[in-house]
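A short worksheet on the structure shown next.
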Amino acid sequence: MSTATAARPKAPGAPAKKRKLSWPVVLLLIAGALVLFAAVGMATGNHSLTSSGQVSAALGSAVPIGMAGLGGLWSERAGVVNIGLEGMMVAGTFCGAWAGYLVNPWVGLLAGMLGGALGGLLHAIITVTFGVDHIVSGVGINLLIPGICAYVNRIYYKDYISAGAGANQSPPADPLPYITVPGLSSGLKTIENHHWFLVSDVAGVLGGLVTNLSVVVVLAAVLIVVSYFLLWRTVFGLRLRSCGENPTAAESLGVNVYKYKYMAVIASGAFAGLGGAYLSLVAAHFYKDGQTLGRGFIGLAAMIFGNWMPGGLAMGAGLFGFTDSLQLRDPESVHVLILIVAIAMALLALWQLYRRKFTATVVSLVVAGGLGAWYALTDEVQRPLIVATPYLITLVVLSLASQRLRMPKADGQIYRKGQGK
Amino acid sequence: ACGAKSTDTNASSGSSSDALKVGMAYDIGGRGDQSFNDSAARGLDKAKADLGVNVTEAEAKTGEAEADKETRLKNLIDGGYKTIVAVGFVYQQAVDKVAKDNPNVKFAIIDSNDKDQPSNVTSLLFAEQEGSYLAGVAAANKSKAHHIGFIGGVQSELIKKFEAGYKAGAKSVDPNIQIETTYLTTPPDFSGFNSPDKGKEAAQGQLDKGADVIYSAAGSSGNGAIEAVATAGKWAIGVDSDQASQPALAKFKNNILTSMVKNVDNAVYAYIDSVKKNTPFTGIKLFDLKANGVSLATTGGKIDDIQDKLKAASDAITSGATTIPTAPTS
Amino acid sequence: MANHDINLTVRTGTVHALMGENGAGKSTLMKILYGMQRPDEGTIAINGEQCEFHTPGDAIARGIGMVHQHFMLADNLTVLENVVLGGEKLHGIGARAKAKIKEISDQYGLGVRPDALVEDLGVADRQRVEILKVLYRGAKILILDEPTAVLVPQEVDALFDNLRELKSEGVTVIFISHKLHEVLAVADAISVIRRGTTVGDADPKAVTARQLAEMMVGAELPSPENRESTVTTTEMLRVEDLRIAKTDAEGIERVVLDDISLRIHKGEILGIAGVEGNGQAELVEAIMGMLPLDGGTVTLDGKDLSGTLTRARREAGIGYIPEDRHKHGLLLEAPLWENRILGHVTEEPNSSGPLLKPAAAREDTLRIVRDYDVRTPGIEVTAASLSGGNQQKLIIGREMSHQPKLLIAAHPTRGVDVGAQAQIWEHIRSAQREGLAVLLISADLDELIGLSDTIRVIYRGRLVADADPATVTAEDLGTAMTGAAAGHLESDPEAVAEAQAVAAEGTEAADQHPHTDTADKPQAGE
Amino acid sequence: MTSPNPAAKRSFAQRISGERIVLALAAPVLAVVLSVAICSVLLATSGKNPFDAWNVMITYATKSDGQVLILNRATTYYLAAAAAAFGFRMNLFNIGVEGQYKVAALFAAFVGAQVDLPAFIQIPLLLVTAMLIGGLYASIAGLLKVYRGVSEVISTIMLNAISVSIVGLLLVPGVFAPKASSTSNSIQTDPVSDSSHFFSIPTAGGDLWGFLFIAVLVGVLFQFTLTRTRFGFDLRATGRSESAATASGVNVKKMVVISMVVSGAIAGLIGLPELLQNSYSYGQSFQPGLGFLGISIALLGRNSPIGMAFAALLFSFLDSTGSQLPLKGGFPFEIVAVMQGTIVICVVVAYELVRRYGLKRQQQKVGAQLAAQAAATEKKEVSA
Ligand SMILES: Nc1ncnc2c1ncn2[C@@H]1O[C@H](COP(=O)(O)OP(=O)(O)OP(=O)(O)O)[C@@H](O)[C@H]1O
Ligand SMILES: Nc1ncnc2c1ncn2[C@@H]1O[C@H](COP(=O)(O)OP(=O)(O)OP(=O)(O)O)[C@@H](O)[C@H]1O
Ligand SMILES: [Mg+2]
Ligand SMILES: [Mg+2]
């Protein structure tokens, strides 16, 4: 192709001035959200949205989604789209439960990652070495791996019935430890139970972060931070990301693009596998056919939602985890959630009005009004709708925000060594 | 070969032996699902041992077509198995259809009934609400917080019966008792029977709200609920089979108060026995408390202290003094 | 085969120019030298020592650096990241590296800001980043593959100053270009490649531009042909107060085109000069209806097209030769006859009503192949298997087949060999004689001056200057393109005459190029 | 004018030359062989003789009832594949076929039960209802992509999940299902009226679904639309290069919405064979997963109407005969899923290798032919 297109700079005119979400802004937004939750909690008398139990459950539900998303992040940062995450998660559930039962759950976690990594390796071979379309390969993997796991489960665990295995279920493994910070946790709980405006809400949220956390939750959080550090602060990360932005350029500077793509996709599978192992070792203690329930896809959505960044991904996974656990723990609170979203939309409308975006203002206002009316006119949300909340919220958020998203430039493109233009 | 049907070659196999040939079609999971199907399998095993019947089994797979169920039933018939037990309401349409085409084959279907079903189909139904009523009585008696919980796997008609009975039972003991209700999924998503993680989370939510006895009618999702409840040191009530004696739950058996056992095995056995004796059940055969179709498990002796109360409630039901709703009221 | 029997010897501390027409195999050779492609046979020796390069890493380790014909930059990374990538061992990826970059930048006056996002840089800045990348690695042998193609003359001079300085420091430079006068200006030695093999060396002090050109194409160049103006007074295209502003992801509005008004009459070629990225592409897309307008009107032959879609505009008589034929002009994996339908699916002979007429389209494709000398064994082969020049001829044949009223030709001869170039110019000119209006965009100022009846200069989305091609030099146009001059340009008549004489000496003002030298092509190929 | 006909004829011969056919068949055949080998190894590790398993499957496929079953199932599979492929042909990844067919079949079942018109109106009415609902549901993803830039991959995944809730909301007693009796645990819509029953062809092996003809019709229309209409050309052009299509005047936004709707409309048909030929009502256990299966089949058949027909038959063969495995020899039926997975993966890899090889071959041929031509003309010039 011609140089011209490659070299066309951003349109001339105003100098580029990026408005990035800086830390103070993020903190301010979080504080604002807390105030909103506290106020609504006060007004409705429903404090479960900020209760410590809810927060720690949300963290737990977020782990498999977040790990799948982290897998997606690694892979897409290196330019390989991975919708095979779901299949790799299944590999993680199976291998995790298997080694968890035979040896111990710690080895199970490792085995889960290994299983996922094998799935990643397969994806890498198909997409990187053979140059097959990434989505096509992912579809194939999602078909193959669950099939293999179900097959092996059936023939392998036949002799383990007395240990609790079944035709499509493995025998149970031992649990992994949970962490509670001794004094802090109970102290915060006391404050939380007073239902003081804001104070108790903050205590609830903080309490959730120090009470009854699975070690894997902590591990997952660490992995997200470490991933950020690795990908954005090290040579390895720079090289890996360059493969997702412009692999030919990386190649021309002596970077072995295939190698980095392979490493990224294998790591991607390992993270998804860890998410799977969480399901079969922490959320449950055994493997079961169909245990992942599409979380690999949700993880991918969370990553896109988070703009291909670890922090954003964590937020996306947290949002899913929050709504998902909320609808299971406390279906009535979903009704309160409607009110909160309505108020948030109204605030958004104000912001848009301030930025003089009138059509957006009107749209936001209409949505806010509709939700508000729904809240006012009903006492509870119908259960099927409750189940759909996380998906609906994702759709709404993506349709509001997806134009701000920026994926790696060479994401999903097929790269062949020595054939760059 | 094109004209031949797959059954043409083994048409003679039906007459090879005099023993009654019983075919069993399981729902997803089949033998070894640690739950409902296993219970049916126990009945079949017993019939095999005690009645000397000849058996064969087949199971459904996830996401299969209606035609697969029909083919499965037909395959059983073609194999010479003229008495067929279909486990689970998912077989209703297939059974209706195949039964119509094979009037000389006897069918039993568990947990389902269709008002138009052919006369060679027998429905084996259970009075889940009665057993659940007793579970409710036990729960209300054991709850110190006057706050109990119910977790349903899938918000289907069947599970609503559990909920209705449980609530009625609990209220009969303590009219002001607070009862939490959570369904894990709603049809057509049946993953609520298969997701221990969901069960755990729902149970945790109810515990956090203060419930101290939780009844989960949620298939293997109940495993998660039982784990959460046991970890919190509260009482769990299991379902379908005696969960305190299940290997997978051995660790938590001290916190399993009881289980509302649905004696599918008894029903299966009774049905096969009736066919064997040439007095096959017809229409709807209800296995209620009186017929020992449902009962509370006593493993571990955790409800020994309230046996008298349970007995009284049970008597009231069997005598007809208490009638139990089959759908939750509110 | 891209290269065979290539022999090339470059002396240390010289600028060695490599010349050859498009597709001659220059880039391929350099990629082999740089380890990006593997030779089937043959050897490379550096300072008398045999080496074998498996990857660019091997070449870099031997002190070879390359600035590629097509920029090798990751847009979403910073300059710093782009520079240190692959060479992280040298100075790390942090403050030390940044200091080093500043140091090099200052030493050569490159003016590179390490923290800027490459996305936000202009072409010349990117080029400097590319050079910095090589210097950062301390390369002793520097390969520059057509570095001047996108630069204005002033920028070219600055680059040459840098090269001379490097040379004085003992760096060896291999410099690839089509542009004869550039090569003559900077090179110490010249090698010419034709059809993948070396055909000879030349001494820049002894050789004339014309001799060089003949070495490159391997034949005598055809002679020129006079032409008279065909401009009429009938207005064909009128663009009035065009304005486009894009809001980017951050919600910031960037004005891309502002206050653009122009008119093209029947039989007129209007040339647009400008450094790439100043809004030419957007102007074309705006007229084609591919970008929504924020203001202004587009009128073709008295018909207001402002609100219409691209298809309607094409049906109304706009022909389009896109600047990037692979991206906008062809379906590479579709057969030629389907490519003939592309863009004219609603028109005869390709369809009638909602139905396609494949037989008629095939037949007409055969005609185009014949009339436009598209070298292909058949019309069932995919477009990807044709050479770039033949692809371009197919596109031109296709666009001309629908008797356009207006032809938008963006870099119509980019990446096309000399022979095809001449044919393309001839097709455009003969259509012009029959009353076609042409909007010509080209980075090749000589092509612009040679073909156009009027020239307008675009700078930062505005038309800032205009000129009569007969009275302007490439240098003055270049000045206006950098924004340093505006209004009506009028060059010193002596300079104009001189430029024309130079051109004539090179090519005898070939038919190839109305006024200038033949081989002086803007940009290389595929 | 010189006669163009010889050239046209030659080109036609060229198009169907032996090499191309061999190349086109090489990939799937290789893939099937490879996956049979892999599955044989897997079966052998479970201690069973794999040849017995293949024997069971092939034997069943030679029987008339097996064949009817395979054809009936392939009908459904084919529709599912066509729905996915229509989007794929323009690079639109409609992962949402799954949700679209469920919602569409539910509405069709409801309408079929409420309305009782003569068959020649009733059946078209139900077809149109299903297609309309499927198309409408798919249009959400199309509109979101066009107006809000939401990737259709993500939005359709979300819409799949939401479709489950939609069915959950509607398929309850008193809404789309009749009030349940206290003994019935399965919930379904009322049966559709008798006039809604689609015709079938009685054969020795059972009833062959008349919907097969609808599937064939869909395939023919699919092929015709794509290769013989302007719309189809635009669609394929967009799939091959969106940028080139835009420049050529294709209104890509409109195409995205239209293709999404058409894809959804075809998806709407997926549930109908079952609904109108077999179960006559939509119940809570209405077969899920067909959408995802359709995607695999479409990939296997390279999104071409003919290829998908073979792929649908292959998958249907595996599923139908595979369910014989547990009964006749005690093989786990899970092997079928493994086999489908390996076939899809092997086939996509093989296609890519063959495609690349083919392209290179063609370039070399073109290069060689041109060189030969050039040499010939040079010689002529020399001799002249
Ligand atoms: N392996 C190969 N075998 C045969 N031909 C090849 C091979 N690789 C590239 N080519 C062709 O060889 C020709 C040489 O291309 P190259 O890019 O080296 O030309 P160039 O001299 O740099 O031209 P330009 O001036 O357009 O940059 C091209 O036509 C290319 O398609
Ligand atoms: N790998 C290859 N092996 C042999 N021939 C090839 C190969 N790749 C490309 N070709 C041939 O090389 C040519 C590639 O076209 P390309 O655009 O690079 O040609 P070019 O020399 O630049 O011609 P033009 O001057 O017309 O642009 C085609 O004729 C193609 O058939
Ligand atoms: Mg080149
Ligand atoms: Mg070329």
Side-chain angles (χ1 to χ4, degrees), chain A residues 48 51-54 56-58 60-61 63-64 146 150 153-154 157-158 160-175 178 212 278-280 282-286 288-295 321 324-333 382-388, chain B residues 26 28-35 37-38 41 57 59 61-63 149 151-152 154-155 180-209 219-221 223-225 227-228 231-232 246-252 330:
Chain A
S48 37
S51 72
S52 59
Q54 170 57 30
S56 88
S61 307
V63 167
N153 185 85
R154 185 171 291 264
Y157 286 128
K158 250 196 228 122
Y160 292 82
I161 303 282
S162 59
N168 45 20
Q169 173 178 330
S170 75
D174 290 332
Y178 284 82
N212 231 350
Y278 176 88
L279 287 174
S280 64
V282 179
H285 299 297
F286 43 80
K288 218 168 175 23
D289 285 357
Q291 197 170 15
T292 51
L293 290 178
R295 285 186 183 83
D324 200 26
S325 57
L326 185 70
Q327 56 101 355
L328 281 171
R329 286 173 50 86
D330 193 3
E332 292 87 55
S333 304
Q382 281 164 295
R383 289 196 193 265
L385 263 185
I386 295 179
V387 182
Chain B
Y26 294 109
I28 294 163
R31 183 187 277 274
D33 78 336
Q34 305 249 9
S35 163
N37 288 305
D38 263 354
E57 301 159 283
E59 78 178 79
K61 50 187 178 189
T62 327
I151 295 174
V154 178
Q155 194 176 25
E180 302 293 334
T181 308
T182 309
Y183 281 99
L184 303 181
T185 62
T186 53
D189 177 5
F190 286 94
S191 68
F193 287 135
N194 256 317
S195 309
D197 55 315
K198 291 191 176 167
K200 196 184 203 171
E201 211 138 283
Q204 194 62 52
Q206 299 191 346
L207 290 167
D208 286 354
K209 287 188 179 172
S220 76
S221 304
N223 289 14
E227 182 195 340
T231 310
Q246 258 185 25
L249 291 168
K251 252 187 275 170
F252 312 117
S330 65

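A, B, ... follow the sequence lines: proteins, then strands. Residue 1 opens every chain.
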Any side-chain heavy-atom pair of B:Pro196 and A:Phe286 under 4.5 Å: yes
Examine whether an atom of A:Ala173 lies under 4.5 Å from a heavy atom of chain B, and if so say whether it belongs to the side chain, the backbone or both; otherwise answer neither. backbone
Begin with the C-alpha distance, continue with both residues' side-chain angles, and end with the deciding distance and a verdict on side chain to side chain contact (heavy atoms under 4.5 Å, CB included) for B:Thr186 and A:Gln382. CA-CA 10 Å; B:Thr186 53; A:Gln382 281 164 295; over 6 Å; no
Interface moiety of A:Asn212 toward chain B, non-hydrogen atoms closer than 4.5 Å: neither
Just to verify, what does A:Tyr160 make a ring-ring contact (aromatic ring centres under 6.0 Å, His included) with, not counting sequence neighbours? A:Tyr101, A:Tyr156, A:Tyr157
Given that the side chain runs from C-beta out, which part of A:Pro384 has a heavy atom under 4.5 Å from chain B: side chain, backbone, both or neither? both
May I ask you to name which of A:Val387, A:Leu326, A:Asp330 has the most heavy-atom pairs under 4.5 Å with chain B? A:Asp330
Contact summary for B:Glu201 and A:Ala57, nearest pair of heavy atoms: OE1-O, 4.1 Å
Need one label for B:Gln246: side chain, backbone, both or neither, based on atoms under 4.5 Å from any heavy atom in chain A. neither
Under 4.5 Å to a heavy atom of chain A? For B:Thr62 that would be neither
Inter-residue atom distance B:Arg31.CZ - A:Ile161.CD1, 0.5 Å rounding: 9.5 Å
Determine the minimum heavy-atom distance between B:Asn194 and A:Lys288, stating which atoms define it. OD1-CE, 2.8 Å
Which heavy-atom pair separates A:Pro172 from B:Ala248 by the least distance, and what is that distance? CG-CA, 3.9 Å
Report the C-alpha separation of A:Leu279 and B:Asp197 in whole Å, then their side-chain angles, then the decisive distance to 0.1 Å, and conclude whether the side chain to side chain contact (heavy atoms under 4.5 Å, CB included) test is met. CA-CA 7 Å; A:Leu279 287 174; B:Asp197 55 315; 4.3 Å; yes
What part of A:Ser48 gets within 4.5 angstrom of chain B, counting heavy atoms only: side chain, backbone, both, or neither? neither
Flag the one option from A:Ala165, A:Gly290, A:Ser52 with the top tally of heavy-atom pairs under 4.5 Å to chain B. A:Ala165
Residue part contacting chain A, namely of B:Lys200, when any heavy atom lies under 4.5 Å: side chain
Using the salt bridge (Lys or Arg N to Asp or Glu O under 4.0 Å) criterion, which residues pair with B:Asp208? Sequence neighbours excluded. A:Arg329
Here the pair of heavy atoms bringing A:Leu328 nearest to B:Thr182 is O-CG2, 3.2 Å
Could you tell me whether the side chains of A:Gln169 and B:Ser220 share a donor-acceptor contact shorter than 3.5 Å? no
Do B:Lys251 and A:Pro175 have side chains that approach each other closer than 4.5 Å (heavy atoms only, starting at C-beta)? yes
If one checks every heavy atom of B:Asn37 against chain A at 4.5 Å, the contacting part turns out to be neither
Between A:Tyr178 and B:Thr231, is the side chain to side chain contact (heavy atoms under 4.5 Å, CB included) condition met? List the steps. CA-CA 11 Å; A:Tyr178 284 82; B:Thr231 310; over 6 Å; no
